[in-house]
Amino acid sequence: MTDNINGMKRTHYLDELRASDIGKTVVLMGWVLRRRDHGGVIFIDLKDIKGLTQVVFNPEHNSESHGKARQLRSEFVIAVKGIVRSRPDESQNSNLATGEIEVFVDELRILNRSKPLPFVIDEDDNIEVSENLRLKYRYLDLRRESMQKKLVMRSNVARSVREFLYENDFLEIETPFLTKSTPEGARDYLVPSRVTPGKFYALPQSPQLFKQLLMVSGYDRYFQIVKCFRDEDLRADRQPEFTQIDMELSFVEPDEIMEIMDKMMAKIFKETLDIELTLPLKRLPYDEAMEKYGLDAPDLRIPLELVDVSDIFAESGFKVFSSAVSKGGIVKALKLDGGSDKLSRKDIDDLTDFVKIYGAKGLAWIKINPDGWQSPIVKFFNDDEKERLQGRLRLNPGDIIFFGADTKRVVNEAIWRLRAHIGKKLGMLDDDAFSFVWITDFPLMEYNEDEKRFDCVHHPFTAPNDEDIPLLEDKDKLVYSKSYDLCLNGSEIGGGSIRIHSKELQNKIFKMLNIDEESAREKFGFLLDALEFGAPPHGGIAFGLDRLIMLLCGAESIRDVIAFPKTQKATCLLTDAPDKVGTKQLNELSIKLNVIE
RNA sequence: GGGGGCGUAGUUAAGUUGGUUAUAACGCCGGCCUGUCACGCCGGAGGCCGCGAGUUCGAGUCUCGUCGCUCCCGCCA
């Protein structure tokens, strides 16, 4: 039997009571985390979203409530009315915020009972529960303290963001979820239209075009914390529906946007972790990032840099290196100071297997021993090559060098993965550090060998650097853009650009991308039209809120910072979505299934 | 689409070379216990070893398939 809440009003959250409250009569409500029944006195650890307070049932104090308390089990929901008392000196608990006091219960109401749980909610039991069970009973998983902390932090970050942006004249404006499919980019989630049979809405991959239109409309600083949808395969840090902090500003240059975002990050870190960021956040041009780290989102906590040694080995007798260069590829080296005795032959074999995942065909290496170079490849080097390598890398006894030789793409990919892998494996980075870097000046486009055409690095609305606009005519010239990504500890957490606000330039870019006028018209006609009616210069940025929260709270999976996430197969174990629908619903949507088994 | 890992009481795990009745801890149920805080002590119940084939005198263990979860590659302007 359960009791009614009637007439009871909660007076305190369960993290609030202190010694100064001793003597007060209070009403507490929450969940039974633990019970310690001594036959006589019964202790209950009562828990809510804020914290935990010990309540005590003593048969001499109140035998009726004590008798009732014997029924209590894990996760019963109760209300208690009683007196705050000091705990005896020897039984104060300094691990608890409320550990000086306890509540002596006069009245107990059992508001609801709980069946035995499918897994323990008390995390002090230190049992790691399998994730599919957690996801099936997500409402219980979310009741666990560690999950509550993460979602509370998520809410706090969202609040900091909103406060900051409101203070800086941003307006929060919603944009449609039921919108139009865009041609390139990720796969769209489609929604059939009932009233227009055979036609579909798409869920937005981002509010990109709408926020640009808002700039045309004069809402010169817009933001939105908004869901975006991309129907692609999942990863530990990627869900098909995810949340962006989306922004757009008029009359700005990249510098101003980065400056404002620096301040926003500083506020978030100050208010959620009490960490003071040093501003301005570091900036690094794309080309330099690729040269030194091999990717556009380097983890700068790792004190290792890649060194291009292509020129040294262009004519080498070691054909693996020289032929890579002659085919237009590169040779890059990664040196570990004093790494020689940290990595066994077995470790090196494992690293070789590791880089093969990313397309490398092998992993060349040299150990610089006191008595000479140890390596399977060094016998192919001549003295000049050895000397230049020595000079370029400043080698010392005890060092080890790894090499990648292949196309630029493969070498950079394999060696940056190696750099990150070794950095973590050898404990070269501080797990608690937060290392930001802006990557700027991305190329506007890159040539796609497979499709024999140019692809956008960012998206087709990104503005080229002004001085590069004349170069657009020349297919061989690299054109850079007014773009910027913010990276934190090797993860891209946000990215944006200044947009094109001239119809002529936008059309020129479409043309270069092999988007013909007709399809540009069909897909983006409304944007092109809008650009002709006083579109101001504008640009923006979007942050991945989920990834940011992950990094802030040290979660290893994006699922840990999303209340109701999808599994890797994009299903929901709690609701069992996606699911079949009846023929009536399908008929209304003019949909006939054609499932290929 | 491809590669790796995992799947054994409610939970987390152990389970030897294929060999009697499949173990343990926590949880659950019952009893005892008036200062615990992961309370303690005694007792008990609880199993389609993910599912399906196969090999074998005999399969939790070996083989194949399949399902689920997960990590990665491809994919993610």
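Note on naming: letters A, B, ... go to the chains in the order of the sequence lines (proteins, then strands), and numbering restarts at 1 for each one.
A donor-acceptor pair is defined here as one N or O able to donate and one able to accept, closer than 3.5 Å; such a pair exists between the side chain of A:Gln205 and the backbone of A:Ala186.
For A:Phe119 and B:U11, the ring-to-base geometry does not satisfy the stacking test (centroid distance below 5.5 Å, interplanar angle below 30°). Using a 5.5 Å limit on the distance between ring centres and a 30° limit on the angle between planes, the aromatic ring of A:His38 does not count as stacked on the six-membered base ring of B:U36.
For A:Asp37, the side-chain atoms get nearest to B:C33 when compared with the rest of B:C33, B:A77, B:C37. For A:Arg87, counting side-chain heavy atoms from C-beta on, the closest listed nucleotide (B:U70, B:G35, B:U34) is B:G35. Listed candidates were B:C76, B:U70, B:C37. Nearest to the side chain of A:Glu232 is B:C76. Checking B:C28, B:C75, B:G35 against every side-chain atom of A:Asp233, the shortest atom distance belongs to B:C75.
With 3.5 Å as the limit, one finds a donor-acceptor pair spanning the side chains of A:Asp246 and A:Tyr222.
Partner A:Tyr480 forms a side-chain hydrogen bond (donor to acceptor under 3.5 Å, both in side chains) with one of A:Asp287, A:Thr440, A:Asn465 and no other, that one being A:Asp287.
At whole-Å resolution of the value, NE2 in A:His421 and C1' in B:C71 are 14 Å apart.
Here, B:G30 and B:A45 have their C1' atoms 10 Å apart, quoted to the whole Å.
Nucleic acid contact for A:Thr462: none, since no nucleic acid atom lies under 4.0 Å from a heavy atom of the residue.
In this structure, A:Arg559 pairs ionically with A:Glu131, as a charged nitrogen and a carboxylate oxygen lie closer than 4.0 Å.
Between the side chain of A:Gln92 and the base of B:G35, no donor-acceptor pair under 3.5 Å is found.
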